[in-house]
Amino acid sequence: CETNQKNGRASMGQIHRFTPKVMAVPGTTNNEAAFVVLKELIKSDPKNDAASAKLGGIHDAKAHPDKALVNYEKAVA
């Protein structure tokens with residue numbers, strides 16, 4: 001995976017390339033890889049409702065209801 005040399009995070013091209021795979025992960029999973037990529041995706045595209053809903057599902061599965069609610073609210077806003 002290519003990373004930005006300044007911040008060590010995945011490049012935007014890499015994030016968008018993996019988006020379909022991450023979005024296929026069920027929202028009720030506890031998948032750490034999906035969690036990290038979804039956070040980066042939302043950071044780069046705050047209006048991505050599907051990514052916010054998936055991240056809400058992951059927070060819900062981890063018993064973080066406040067974080068889940070924030071993401072669910074972003075998804076339906």
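The first residue in the sequence is number 1, and the count goes up from there.
Residues S52 and K74 approach most closely at OG-CB, 3.9 Å, considering heavy atoms. In this structure, G56 and A68 approach most closely via the heavy-atom pair O-CB, 3.4 Å.
Between atom CG of residue L55 and atom CG of residue D60 there is a gap of 11.0 Å, rounded to the nearest 0.5 Å. Between the CG atom of D66 and the NE2 atom of H59 there is a distance of 10.5 Å, given to the nearest 0.5 Å. Rounded to the nearest 0.5 Å, atoms CZ (F35) and CD (E40) are 11.0 Å apart. A distance of 4.0 Å separates CG in L69 from CD in E73, rounded to the nearest 0.5 Å. Separation of atoms NZ (K67) and OH (Y72) is listed at 14.5 Å; rounding is to 0.5 Å.
Looking at heavy atoms from C-beta onward, N71 lies out of side-chain contact with L38 at the 4.5 angstrom threshold.
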